[in-house]
Protein chains: 2
Amino acid sequence: MAGTSRDAKRALTAQRILEAARQEFAAQGFEGATIRGIARVAGVDPSLVMQHYGSKAALFHSAVQLPVDDDKVASEHLLEVLTVRLGELPPETRALVRSMLTVPEATESMRAYLDERVDNLTRSLDGDDAQLRALLTVSGILGLTITQHFLKLNAFDGVSQEALLRAARGWIASLAGDEPVT
Amino acid sequence: MAGTSRDAKRALTAQRILEAARQEFAAQGFEGATIRGIARVAGVDPSLVMQHYGSKAALFHSAVQLPVDDDKVASEHLLEVLTVRLGELPPETRALVRSMLTVPEATESMRAYLDERVDNLTRSLDGDDAQLRALLTVSGILGLTITQHFLKLNAFDGVSQEALLRAARGWIASLAGDEPVT
DNA sequence: GAGTTCGCTCAACCTCTGTTGAGTGAAGAG
DNA sequence: CTCTTCACTCAACAGAGGTTGAGCGAACTC
């Protein structure tokens with residue numbers, strides 16, 4: 001047991017490949033990223049990537065699994081706003097979002113994720129239009145994520161993180177409030 | 001002049017190719033769509049596509065040009081909401097949005113478009129946080145467009161078009177109103 | 001009617017990329 | 001020390017897809 005056994009080393013390599021994959025998928029999307037490119041980043045032969053994950057699709061599947069952020073009740077909107085606040089998104093999230101418009105599996109994955117978000121939030125709201133307001137909230141957060149982290153709209157340069165966070169919070173609160181959105 | 005001259009026929013074919021391209025780019029994205037596929041839809045040989053548009057990138061560029069919806073003052077948010085209301089998006093818009101996360105040119109095009117939207121809307125709003133509210137509005141509309149037309153969230157099945165439109169309008173009004181978003 | 005001009009098709013090229021099968025050399029078992 | 005196992009590399013295949021150049025036939029010119 002000289003530090004790292006064979007299996008341990010193998011597992012470590014697998015991890016390195018996975019991280020390289022997340023990086024590449026996040027930066028280039030599923031189609032743009034290549035097995036060769038991922039292998040290069042991981043410092044490894046392309047065929048080894050296949051031996052570890054079987055196929056590009058399977059690797060993508062593994063790379064894109066978000067940490068199950070569970071159904072920790074329903075006040076997860078704040079958690080989401082946190083995402084908006086962060087200067088950077090975790091690679092697996094970026095990878096998933098990046099490909100969600102072009103790769104069916106990513107679309108479906110994102111859809112399931114957001115559907116659940118809407119459901120959770122709906123349950124935590126009052127009023128008959130609860131679902132509608134939850135939908136607006138979740139859609140809005142997705143919109144902010146995209147315009148900030150992927151399109152990088154100019155307007156984000158003009159606003160401080162605090163102002164943005166405060167505004168987003170207020171806006172969400174207005175949707176969560178008692179007054180109907182009408 | 002037997003109805004269609006040579007040039008006219010050529011122009012017509014070019015148009016047919018362009019429409020096929022929009023369709024394919026809208027459905028598959030830039031990388032997913034193929035010259036061969038576009039040619040097949042247009043009922044034409046792949047090489048003809050090249051002769052007309054020079055390259056796949058150039059064809060995409062042509063296919064993705066949104067009708068210059070000008071700077072018709074600033075009340076264009078309603079116009080955007082109209083987009084939200086419509087059951088379907090025009091192919092060139094779908095094509096642009098579909099590829100905006102994976103194709104640099106599409107990203108840049110979308111960025112320029114939304115930047116201008118934010119600027120216009122900012123000018124039409126009062127208050128020192130006008131830009132922030134404009135940003136939230138534009139991001140929110142983009143989010144709705146994506147969740148409705150691309151991700152097809154379940155929640156959209158549960159709400160009527162009218163309710164959605166009314167809510168979106170009310171929500172935009174709340175951002176456009178005098179009370180700061182805080 | 002003869003010659004010329006294109007709009008369009010055919011066949012091929014070439015690169016990129018996912019994927020595979022045969023090794024190779026070092027780590028572990030006996 | 002010997003044999004086996006296995007993480008990893010090398011070289012190659014196969015298919016897809018963008019792109020190109022030659023050619024054909026109908027439309028236009030004179």
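Throughout, protein chains are lettered first and strands after them, A, B, ... in sequence-line order, and every chain is numbered starting at 1.
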inquiry  = Has A:Y53 got a side-chain atom pairing as donor or acceptor with A:A14's backbone, closer than 3.5 angstrom?
reply    = yes

ask   = Do the side chain of B:S139 and the main chain of B:L135 share a donor and acceptor less than 3.5 angstrom apart?
value = yes

remark   = Once base and sugar-phosphate atoms are separated, protein heavy atoms under 4.0 Å mark nucleotides 16-25 of chain D, 5' to 3', with B, S and - as -BBSBB----

query = Between A:H52 and D:dA7, does any side-chain N or O lie under 4.0 Å from OP1 or OP2?
reply = no

inquiry  = Using OP1 and OP2 only, check whether a side-chain N or O of A:T13 sits under 4.0 Å from D:dA7.
reply    = no

key: Pair A:N120-A:R117, side-chain donor/acceptor within less than 3.5 Å   = no

key: A:E19 side chain to A:Q23 side chain, donor-acceptor N/O pair below 3.5 angstrom   = no

Could you state the atom-to-atom distance from [atom1] of [X] to [atom2] of [N] in whole Å?
X     : N      : atom1 : atom2 : value
B:R10 : C:dT9  : CZ    : P     : 11 Å
B:Q15 : C:dG7  : CD    : C1'   : 17 Å
A:I17 : D:dT9  : CD1   : C1'   : 13 Å
A:R40 : C:dG18 : CZ    : C1'   : 15 Å

inquiry  = Once rounded to the nearest 0.5 Å, what's the spacing between atom CG of A:L114 and atom CD1 of B:I146?
reply    = 10.5 Å

request  = State plainly whether one hydrophobic cluster holds both B:V41 and B:F60, where clusters connect Ile, Leu, Val, Met, Phe, Trp and Tyr through side-chain heavy atoms under 4.5 angstrom apart.
outcome  = no

